[in-house]
Number of protein chains: 2
Amino acid sequence: MTALTADELTTSVEDYLKAIYAITRQGHPATTSEIAHWLNLSPPSVSGMVKRLAEQGLLEYQPYKGVELTAKGRRGALTILRRHRIIEAYLVERLGYSWDSVHQEAERLEHAVSEVLIERMADALGNPEFDPHGDPIPRPDGSMAEATSTPMPDIEVGQEGVLHQVRSNDAEQLRFIASVGLKPGTVFTVVAQQPFHGPTTIRIGDTEQVIGHELGSLLRCEVSGEQG
Amino acid sequence: MTALTADELTTSVEDYLKAIYAITRQGHPATTSEIAHWLNLSPPSVSGMVKRLAEQGLLEYQPYKGVELTAKGRRGALTILRRHRIIEAYLVERLGYSWDSVHQEAERLEHAVSEVLIERMADALGNPEFDPHGDPIPRPDGSMAEATSTPMPDIEVGQEGVLHQVRSNDAEQLRFIASVGLKPGTVFTVVAQQPFHGPTTIRIGDTEQVIGHELGSLLRCEVSGEQG
DNA sequence: TAGTAAAATTAGGCAACCCTAAATACGGCA
DNA sequence: TGCCGTATTTAGGGTTGCCTAATTTTACTA
């Protein structure tokens with residue numbers, strides 16, 4: 001008996017849900033200013049919108065206390081996330097998009113595609129579980145694969161790792177990562193690790209690369225064993 | 001030195017341009033009420049919007065006199081039309097959409113895709129000149145193939161024809177057309193033609209089909225010669 | 001516990017679009 | 001030429017979402 005009204009959400013609402021979901025997911029509380037910053041809006045705008053979203057039952061809101069998605073809101077967020085990631089996967093796989101240029105395109109399309117189209121794209125790709133950044137794609141029921149995730153700087157010297165996930169949408173970072181030969185699936189060995197958040201040196205095939213700590217933290221890997 | 005401002009048009013504006021272009025193309029003057037009818041809006045809404053479009057230099061407007069697209073407006077309309085038709089072609093060709101179900105999907109996507117994506121889809125399809133309905137796809141420069149176009153009822157009995165273009169977006173009509181074995185490229189022979197806008201009887205392969213006059217007029221064909 | 005800076009909300013506005021109801025212009029016919 | 005119906009525009013409103021400026025709340029520190 002859930003109110004399954006033809007819940008067409010506006011582009012704006014979808015963006016708010018995505019942002020709140022993402023912020024919460026990172027462990028931060030979804031405060032007004034955090035949301036505003038994420039969406040590039042002024043805090044008063046967020047304050048107002050958040051009230052409307054609460055009225056629609058998409059989130060719980062107590063003035064001055066921040067915001068939390070309801071089940072309905074979370075469902076909405078996961079739907080958009082699924083759309084976004086399938087679109088990214090499709091564009092890279094089938095239309096020759098590069099890793100670092102898909103994001104914006106997906107950002108626009110995710111608000112316009114029908115559920116039918118998303119499922120056709122997913123089928124065409126064999127219902128992948130991860131997108132080109134290595135992010136898990138929510139399934140239609142809202143569940144999703146949990147990616148193993150050791151940040152690259154946490155891997156010990158001498159260990160071998162596989163890059164699984166690149167937690168960045170910044171085109172420049174993505175281009176750099178691609179340029180050194182890294183993408184989800186790439187196997188590497190940690191050659192050196194500077195202490196105090198210093199850079200990590202890794203070997204990919206025959207070449208060594210130095211990865212700064214900030215960027216390295218965004219590279220989620222699985223430790224695959226001791227080097228030879 | 002044309003004002004090439006980052007002319008992002010809103011969905012609404014794009015729809016107005018498309019409608020005005022289509023109306024004009026049919027030989028009718030683009031009057032306020034015609035546009036309103038086409039877009040399912042009230043005449044006052046159109047009246048207001050048309051003024052804004054004129055301010056943006058997309059059309060010329062004289063109160064009580066109707067509307068005409070400027071070169072800039074026409075360019076906009078053709079861009080959308082190109083997007084629409086390439087999207088339709090892509091969805092049918094690559095994602096298994098049926099002929100009669102693509103229209104709405106394209107209607108939503110055409111406002112969200114980037115020029116880059118359109119060109120990638122077009123390339124993937126080999127830069128087709130016609131969409132699945134047989135409508136010519138405007139080229140990036142705005143030119144387009146002129147379809148030969150004899151309405152089916154105008155073909156004389158005994159003549160053979162090839163269906164080129166189906167000028168309908170009505171899902172039911174399209175389903176019917178597909179169900180009798182007609183689609184762009186289908187070869188048929190006219191077996192009978194009732195006078196006074198009566199139905200046309202055609203033979204496709206071994207079977208005969210009767211096509212009402214109204215529907216037949218939407219079927220644009222090329223006469224390919226005398227039957228055997 | 002008072003004082004204050006930061007965070008959040010309220011107040012007041014604006015632009016894009018859409019609508020209904022009321023006025024006005026146009027065009028054709030008596 | 002004058003009248004009348006239709007087409008069109010003007011008037012007046014509503015919603016969504018965004019913004020700046022002003023106010024209020026909170027939370028931290030002295």
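- Side-chain contact annotation: D141(A) with S143(A), donor-acceptor N/O pair under 3.5 Å present.
- Side-chain contact annotation: H103(B) with H84(B), donor-acceptor N/O pair under 3.5 Å present.
- Rounded to 10°, the angle separating the first-five-pair axis and the last-five-pair axis of the helix from dT1(C)-dA30(D) to dA30(C)-dT1(D) equals 30°.
- Residues of residues 32-53 of chain B having a heavy atom closer than 4.0 Å to DNA chain D, listed by number: T32(B), S33(B), P43(B), P44(B), S47(B), K51(B).
- Distance alone, capped at 3.5 Å, is enough to place a donor-acceptor pair between the R85(B) side chain and the P136(B) backbone.
- Panel note: side chain W99(B), backbone P132(B); a donor-acceptor pair is recorded below 3.5 Å.
- The side chain of T10(A) contributes no N or O atom lying less than 4.0 Å from OP1 or OP2 of dT16(D).
- Without hydrogens or angle criteria, T70(B) side chain to L58(B) main chain gives a donor-acceptor distance under 3.5 Å.
- Residues H133(B) and Q165(B) have side chains that never bring a donor and an acceptor to within less than 3.5 angstrom of each other.
- Atom NZ in K65(B) sits roughly 13 Å away from atom C1' in dT8(D) (whole-Å rounding).
- Applying the 4.0 Å criterion to OP1 and OP2 of dA8(C), one finds that Y61(A) has every side-chain N and O outside that range.
- A heavy-atom distance below 4.0 Å to DNA chain D is reached by none of the residues of residues 103-112 of chain A.
- In this structure, Q62(B) places its CD atom 16 Å from P of dA25(C), rounding to the nearest Å.
- Between the S179(B) side chain and the F176(B) main chain, a donor and an acceptor come within less than 3.5 Å of each other.
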(message) Quick one, E110(B) with D15(B), criterion side-chain contact (heavy atoms from CB on, under 4.5 Å). Give me CA distance, side-chain angles, the key distance, then yes/no.
(response) CA-CA 10 Å; E110(B) 67 189 5; D15(B) 284 338; 4.2 Å; yes
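- In terms of phosphate contacts, T31(A) brings no side-chain nitrogen or oxygen within less than 4.0 Å of OP1 or OP2 of dA7(C).
- Looking only at distances, a side-chain donor or acceptor of R120(B) sits under 3.5 Å from a matching main-chain atom of L95(A).
- No more than 12 heavy atoms of other residues, nucleotides or ligands shown are found within 6.0 angstrom of CD on E214(A).
- Listed candidates were dT24(D), dA25(C), dG17(D). Nearest to the side chain of Y64(B) is dA25(C).
- Looking at S45(A), its side chain never comes within 3.5 Å of a backbone N or O of L41(A) through a donor-acceptor pair.
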